[in-house]
Colleague: 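Sharing a structure here in structure tokens format.
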Amino acid sequence: MTDYERINSERKNIRCVTMGKRDDIPSQFRQILSDEICKELLRMEWYREADGILSYASAFSEVYTDSFNKRVIEDGKQLFLPRTWPGTGRMEFYPVTDLAQLRYGYKEIREPAVEGPALFEDGGYEGRLLMVMPGVVFDGEGNRLGYGGGYYDRYLYRFGTHIRHRLMIAYSVQRVEKIPTCGWDKKPDLILTEPDEERLQNYFARMAELEEARSEKRKNMELEEIGRRAKEASRHMNCLGVRDKNRGLIAVAEALTGQADRIMEANGADVETAKEAGMKASLLDRLTLTKERIGDMAEGLRQVANLADPVGEVLSMKTTPQGLQIGKKRVPLGVIGIIYESRPNVTADAFGLCFKTGNAVILRGGRDAIHSNTAITEVIREALAGCGLCEDAIQLLTDTSHETAEQFMRLNQYVDVLIPRGGAGLIRTVVEKSTVPVIETGTGNCHVYVDETADISMAVNIIENAKTQRLGVCNACESLVIHSAALEKAMPAIGEMLVSHGVEIRGDERARACFEGMKEASEEDYGTEYLDAIISVKTVDSLEEAISHINKYNTGHSEAIVTSDYDSAMKFLNEIDAAAVYVNASTRFTDGFEFGFGAEIGISTQKLHARGPMGLEALTTTKFIILGNGQIRQ
């Protein structure tokens, strides 16, 4: 691009933005400001001493000049208004004695009906001339931009020496910091705006506030409409039988595999953006979809279809002395909201469990996966519609802003429960800001404790699987605790295995003495969920110390002991405070598939309503059903 092309492009953009600002001034307010500008103009010495005024007939959102032009005529001065010849760059001024003489010309701009010679056509002008010109943009150095035709610049090159003063009138919002200039630009001598510029700035600030409020209201209305549709869908879902639910799940599974290329194309856009943003490898892995992973999503839905439907199950039934039969029955929760981060597989998993349990779901994924989530949701909705089922059983919030997320957290009248899935920051935000009941799915600072009686070969295998199979998942091992009696034998074997996988090890002094190259661990390391190729190591002198350390730093997710001692295993099972506690097995089994639940909605680390991997039953509640034959309370 040449300098000329660059300057022209910049000037065009400045014109476009500034004309938008000028157009935003309401017409009634423009009239008030125009009157004030013209009154200032009439008070000027330049006007009073002038014999002729080269003005313009205002058009579009320019400073209105009709009242000023009439005053020029009334004051006995000569009024000259322009006419242009489009495409030629030619402009001439003609004398006007009555504004009724004007006609509509190019772009419906009023101009003189030509009768007689133009100004300067028969020679010079004996009196003093003042030019009052419009313009689109001006800057602090007195530069002016018109509409881009160059009419005023050419005219001033021809006759500028005959015009005593050149004045531009404009609104203060037309001012910019700097206009890129060209050699042929002609500056006005003065730029006149409204006397009280602060009033217009305050007006626009107030308008911005009102627009922000209106935007907020529109978002609320859109969100409420999504909530209303979800509530209606939940009532429809409540009436679906298990056959229809399973039919819908199988249809969606087939659609996901059939539309895998479409989903992967959308996911590719997310992955490319994430790479450009420097997302670390473990999180990129969570974001990335392959045909195999889409196949796993579909298989998860098929597994859910094969599971028993908990809805409608009567958990108990008893008969009272009055002859009433009182039972407790499983029913859907209603509308479930799920806020999650960069894991697009959650979109399908969440739908499957919610659909099987008769719940409608509203999803709000992270912006990192917006294209993937949108494509998956579209495929699901299309498949449901093709089966004659309610497509609003799943809806996705495409606005991923924090403001919309916080409004979602307060949608009590429509959303029955909110489930966050993601990092500690997301979960904490939802728990603190939501007015909708929350099921907390916590982060996973998972430990493996190597007891003094542990089989070291078994410990190495378990830790290898727990830490290195997938780094960015919540059930991965992040911390090792090793009994001092096993340290000299266990640490070299475990350390060599971890280093072979590229894992950075951070340990205490005793652990570092047993394995060269280990970094020093800080207090913060023991409580960190890395989701990366990093692990911490703590040395303890007893099972009790191990349990105390784990309960202090864990997140209530999954903890494991490797031991050959039955009593140690039972003590660990009983005293560790976590949703899942393992003996001689990898923490990676904390998963809905592995527990036989099918796809999970999340792993709850709280103790009310649900704990651990949340399958179908966790997405139901109960209601009492009472059967009578006319009983009344005495």
Side-chain angles (χ1 to χ4, degrees), residues 1-27 29-30 33-34 37 54-65 82-91 105-109 111 131-160 163 165-194 197-205 207-208 211-212 215 269 272-273 276-277:
M1 181 183 288
T2 65
D3 287 345
Y4 171 78
E5 291 171 331
R6 177 184 55 78
I7 290 173
N8 259 358
S9 175
E10 291 177 7
R11 287 157 69 106
K12 184 177 180 180
N13 289 336
I14 291 171
R15 280 191 193 97
C16 182
V17 171
T18 308
M19 286 177 70
K21 290 181 180 179
R22 191 177 71 178
D23 291 344
D24 285 342
I25 306 174
S27 58
F29 198 13
R30 268 204 304 270
L33 297 175
S34 296
I37 292 168
L54 285 71
S55 184
Y56 65 94
S58 52
F60 316 121
S61 52
E62 296 171 339
V63 174
Y64 299 140
T65 55
R83 179 185 174 187
T84 60
W85 281 262
T88 68
R90 181 185 169 202
M91 178 173 70
Y106 179 60
K107 289 192 175 180
E108 297 299 304
I109 297 172
E111 57 185 25
M131 174 179 276
V132 178
M133 66 179 83
V136 176
V137 190
F138 66 94
D139 65 16
E141 296 178 8
N143 296 301
R144 167 194 172 274
L145 272 186
Y147 293 92
Y151 291 103
Y152 276 90
D153 292 324
R154 288 187 180 90
Y155 193 83
L156 289 170
Y157 265 104
R158 292 164 62 204
F159 304 116
I163 300 169
H165 299 297
R166 297 171 294 194
L167 175 71
M168 173 184 172
I169 56 176
Y171 307 109
S172 58
V173 293
Q174 295 173 239
R175 181 190 291 111
V176 298
E177 185 175 341
K178 178 64 179 165
I179 294 173
T181 56
C182 296
W184 57 81
D185 290 340
K186 287 291 187 179
K187 283 187 180 183
D189 300 313
L190 181 69
I191 298 166
L192 183 66
T193 65
E194 70 276 5
E197 293 189 5
E198 188 175 337
R199 180 171 56 160
L200 188 55
Q201 302 303 322
N202 290 340
Y203 167 80
F204 274 103
M207 289 301 102
E211 178 55 32
E212 186 176 348
S215 176
E272 188 61 33
T273 301
E276 291 174 359

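Since we're looking at a predicted model, the values are computed, not measured.
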Colleague: Go through Tyr171 and Lys21 one step at a time and tell me if the side chain to side chain contact (heavy atoms under 4.5 Å, CB included) criterion holds.
Modeller: CA-CA 10 Å; Tyr171 307 109; Lys21 290 181 180 179; over 6 Å; no
Colleague: Go through the structure and list residues passing ring-ring contact (aromatic ring centres under 6.0 Å, His included) with Tyr151, not counting sequence neighbours.
Modeller: none
Colleague: Please list, chain by chain and in numerical order, all residues satisfying salt bridge (charged side-chain N to carboxylate O under 4.0 Å, His left out) with Glu272, sequence neighbours excluded.
Modeller: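 Salt bridge (charged side-chain N to carboxylate O under 4.0 Å, His left out) check on Glu272 returns nothing, list empty.
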Colleague: Establish, for the pair Lys186 and Tyr157, whether the NZ or CZ atom is under 6.0 angstrom from the six-membered ring centre and no further than 45 degrees off its axis.
Modeller: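 Flagged: Lys186 positioned over aromatic ring of Tyr157.
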Colleague: Got a sec, which residues hit salt bridge (charged side-chain N to carboxylate O under 4.0 Å, His left out) with Arg15, two or more places apart in sequence or on another chain?
Modeller: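 Listed in chain order: nothing, the list is empty.
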Colleague: Evaluate the side chain to side chain contact (heavy atoms under 4.5 Å, CB included) criterion for residues Arg166 and Met133: first the C-alpha distance (whole Å), next the side-chain angles of each, then the deciding distance (0.1 Å), finally the verdict.
Modeller: CA-CA 8 Å; Arg166 297 171 294 194; Met133 66 179 83; 4.0 Å; yes
Colleague: Of all heavy-atom pairs between Leu192 and Ile37, which one has the smallest distance, and what is that distance?
Modeller: CD2-O, 3.7 Å
Colleague: Tell me whether Thr65 contacts the main-chain N or O of Ser58 through its side chain, where contact means a donor paired with an acceptor under 3.5 Å.
Modeller: yes
Colleague: Would you list the pairs meeting salt bridge (charged side-chain N to carboxylate O under 4.0 Å, His left out) in which at least one residue belongs to residues 134-144, sequence neighbours left out?
Modeller: Glu141-Lys178
Colleague: Under the rule for salt bridge (charged side-chain N to carboxylate O under 4.0 Å, His left out), what residues qualify as partners of Asp185, not counting sequence neighbours?
Modeller: Arg11
Colleague: If we ignore hydrogens and angles and just use 3.5 Å, is the side chain of Arg83 paired with the main-chain N or O of Glu111 as donor and acceptor?
Modeller: no
Colleague: Could you tell me which residues satisfy side chain to side chain donor-acceptor pair (under 3.5 Å) with Arg158, sequence neighbours excluded, listed by chain and number?
Modeller: Glu92
Colleague: What pairs with Glu5 under side chain to side chain donor-acceptor pair (under 3.5 Å), at least two apart in sequence or on another chain?
Modeller: Thr2
Colleague: Run the side chain to side chain contact (heavy atoms under 4.5 Å, CB included) test against Ile109 and tell me which residues pass, sequence neighbours left out.
Modeller: Ala59, Phe60, Lys107
Colleague: Restricting to ring-ring contact (aromatic ring centres under 6.0 Å, His included), what partner residues turn up for Tyr56, sequence neighbours left out?
Modeller: none
Colleague: I'd like to check the side chain to side chain donor-acceptor pair (under 3.5 Å) partners of Asp23; sequence neighbours left out, ordered by chain and number.
Modeller: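 For Asp23 the side chain to side chain donor-acceptor pair (under 3.5 Å) partners, ignoring immediate neighbours, are Ser61.
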Colleague: For Tyr147, give me all partners under side chain to side chain donor-acceptor pair (under 3.5 Å), at least two apart in sequence or on another chain.
Modeller: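 By the side chain to side chain donor-acceptor pair (under 3.5 Å) rule, Tyr147 matches Arg22, Glu62.
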